[in-house]
Amino acid sequence: MQYDQLHTLSDEERAELLTKTLVSQQSYNGTEGERAKAQWLYDFLQSVPYFRQHPDQLWLQDIREDPFFRQNVWVYVPATSPTKKTVLFHAHIDTVGTEDYGAIQQIAHQPDKLLPYFQEKIPEGEIRTEALSGDWLFGRGSLDMQSGIAVHLVNLLHYIELEERPCNLLWLFNPDEEAEHAGIKAAGEELLRLQEGFGLDYSLAVNDDFITSLYEGDTSKIIYTGTAGKVFPSFFIAGREAHVGDAFTAIDPTMISSWLNVKLNMHPDHQEEVDGEYVIPPTVLFQRDTKEQYNVQTPLSAGISLNVFLYEQQIGRVVEHLKRVAIEVVADVEQTLRSRYRADCDKKGFPARDLSWKLKVQTYEEFERELTSRGVPVQQIIEDVLQSKTPEEDSRKVSFRIVQTLQHHDPNTEPRVVLYFAPPYLPNHEIHDESTLEAIGRALDTFGSEEIFKVKRFFPFLSDSSFLAFHGNEEDVERLTKNFPAMDTLFPLPIKAMSALAIPSINVGVYGKDGHKWTERVYKPYSFGVVPKLIRHIVSRVVK
């Protein structure tokens, strides 16, 4: 696509055409497609007359040490009149894969073919009704978040064509939001370079990642003035193996991981309580044992990992809470196995042996300290695991391998549960400046729309905005790093850059349904007709 194809179109028409074009290009996380989409954005913007005249205001940033050689796309357009005030617009270019599309996977990136499919081939219901309305655009990434990129591009073209720029404007299109956040983390260094080189004062960052109905019948559109954080707590469980014919002498780690799953997974009793906010409970994302082939030996070890959101709570509280839950689970499993063993002996008429199913529950910090006291060369073992890591290996698997390998070097080979953190970690933050919050409120009050807008503090679905500021304390960081194996290698966090930038961040999202599902779709009237104008209106108020 070239700029000439958009020149005579309205904002809404531009947003729809750009979304379809972006959806048509695969950019799955961790693939060459991310790099190709960045190049496409760069080439498209080069076709815009403004950037032919100002080529230095458009550039690609290589992400250092990235195994996929991905790049950030940057655009800088100065204000009409000199000012330090600067607004950053950012969006991620990667998507998840299309395996969920099943038999129609071949058209997952073709909105114009998906629409008739949803109009004709699926049963009567909400999705079919919405498809028949013509107001929805389907396709992988249509909602998360190629339409968001399109909206930012529409506003970019608006500002340069009208030459009405209330402040300096900066756009960032980055990869890897769906996994390791490599793009936005690398952006911190570039933001500091621009801040120093041009004397910029970052007044606001605007993300337009998707929003959706929070419950059936919800039609409100939410503006978020912050973002929830995330940790990825994991449990490594080292059991005790046995022949299946003598199973009661074993400690089955899969039993413990399963009980942790039942105890924690999607359980509202274990979610943070924050008044007025949409708080998501812990969710299990991985659970597995370490057996690689069939035999009649019980599993030796297992692991389970959870997505845990951070709103106001500190990491130390998460550690203490999850350790307490693990202690309760281990005690419950021990009591259950003792009861079952006695019942089994009674059935067979055998005398009960003196068996134990005790496990030690430790944080990774405690585990590492214990091994060190026993003469285990912990740091050398960690380095050896990191040296064996391949570029394609998932960093969460590497974290697990570190703990597993350390357990193998325990001279006492004690059964244990180790609580540790794996990548990623996203800090939580929100806008505290009252004048900025008041300006956002005034913008919503004066924006001409029939939409019902609500303001919430924390965007709940994870966001690259987490890396544009850091409001944590040293104790929190220390608690994290001491329980996060090889964090500096597996998930280096640019805390100094984040703290120095401290950019107030909002999310004014495109609207749709079923993100990360095969029925993913974006609602065109609001996303393409309202959101671009709303973003411009908020910006004008904040920098006034």
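- Distance alone, capped at 3.5 Å, places no donor-acceptor pair between the Arg35 side chain and the Gly33 backbone.
- Heavy-atom minimum distance, Val539 versus Cys167: CG1-SG, 4.3 Å.
- No donor-acceptor pair closer than 3.5 Å links the side chain of Gln71 to the backbone N or O of Ile63.
- The pair Lys221-Glu451 meets the salt-bridge criterion, with a side-chain N (NZ, NE, NH1 or NH2) lying under 4.0 Å from an Asp/Glu carboxylate O.
- Cation-pi geometry between Lys37 and Phe173 is not satisfied (NZ or CZ under 6.0 Å from the ring centre, within 45° of the ring normal).
- The heavy-atom pair separating Asp144 from Glu178 by the smallest distance is OD2-OE2, 3.0 Å.
- At least one donor-acceptor pair closer than 3.5 Å links the side chain of Asp394 to the backbone N or O of Arg396.
- Shown here are the salt bridge (Lys or Arg N to Asp or Glu O under 4.0 Å) partners of Asp66, two or more places apart in sequence or in another chain: Arg70.
- Put simply, the side chain of Ser463 never gets that close to the backbone of Phe459: no donor and acceptor are under 3.5 Å apart.
- Side-chain polar atoms of His90 and Ser465 form a donor-acceptor pair below 3.5 angstrom.
- Of the charged side-chain nitrogens involved, at least one lies within less than 4.0 Å of a carboxylate oxygen, so that Arg193 and Glu190 count as a salt-bridged pair.
- The side chain to side chain donor-acceptor pair (under 3.5 Å) check on Tyr101 picks up nothing, with sequence neighbours excluded.
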Please evaluate residues Tyr28 and His109 with respect to the criterion ring pair (Phe, Tyr, Trp, His ring centres under 6.0 Å), reporting the C-alpha separation (whole Å), side-chain torsions for both, the decisive distance (0.1 Å), and the verdict.
CA-CA 11 Å; Tyr28 310 139; His109 291 277; 5.5 Å; yes
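- The distance between the ring centers of Phe44 and Tyr42 does not fall below 6.0 angstrom.
- Nearest heavy-atom pair across Leu490 and Ser399 is CD1-OG, 3.4 Å.
- Residues Phe236 and Phe400 bring their aromatic ring centres within 6.0 Å.
- Checked by atom type and distance alone, the side chain of Asp488 never pairs as donor or acceptor with a backbone atom of Pro492 at under 3.5 Å.
- Arg14 and Tyr3 make their closest contact through NH2-OH, 4.2 Å (heavy atoms, listed as atom of the first residue, atom of the second, distance).
- No donor-acceptor pair closer than 3.5 Å links the side chain of Arg541 to the backbone N or O of Ile440.
- Side-chain atoms of Asn507 never come within 3.5 Å of backbone atoms of Tyr224 as a donor-acceptor pair (strictly under, hydrogens ignored).
- For Lys230 and Tyr425, the positive end is not near the middle of the six-membered ring at less than 6.0 Å and at most 45° from its axis.
- For His54 and Tyr76, the ring centers sit 6.0 Å or farther from each other.
- Residues Ile127 and Phe138 come closest through the heavy atom pair CG2-CE2, 4.0 Å.
- For Lys20 and Glu16, the salt-bridge test passes: some basic side-chain N is under 4.0 Å from an acidic carboxylate O.
- Between Trp518 and Tyr117, the ring planes lie perpendicular to each other; the angle is over 60°, past the 30° to 60° tilted range.
- A donor-acceptor pair under 3.5 Å links the side-chain atoms of Arg128 to the main chain of Gln119, judged by distance alone.
- Between the side chain of Ser147 and the main chain of Ser142, a donor-acceptor pair closer than 3.5 Å is present.
- A distance of 6.0 Å or more separates the ring centres of Phe528 and Tyr523.
- Applying the salt bridge (Lys or Arg N to Asp or Glu O under 4.0 Å) rule to Lys513 yields the partners Glu126, Glu130; only residues at least two apart in sequence or on another chain are considered.
- Side chain of Glu34 to main chain of Asp176: a donor-acceptor pair is present (N/O by atom type, distance under 3.5 Å, no hydrogens or angles).
- Using cut-offs of 30° and 60° on the angle between ring planes, the pair Tyr159 and Phe89 is tilted.
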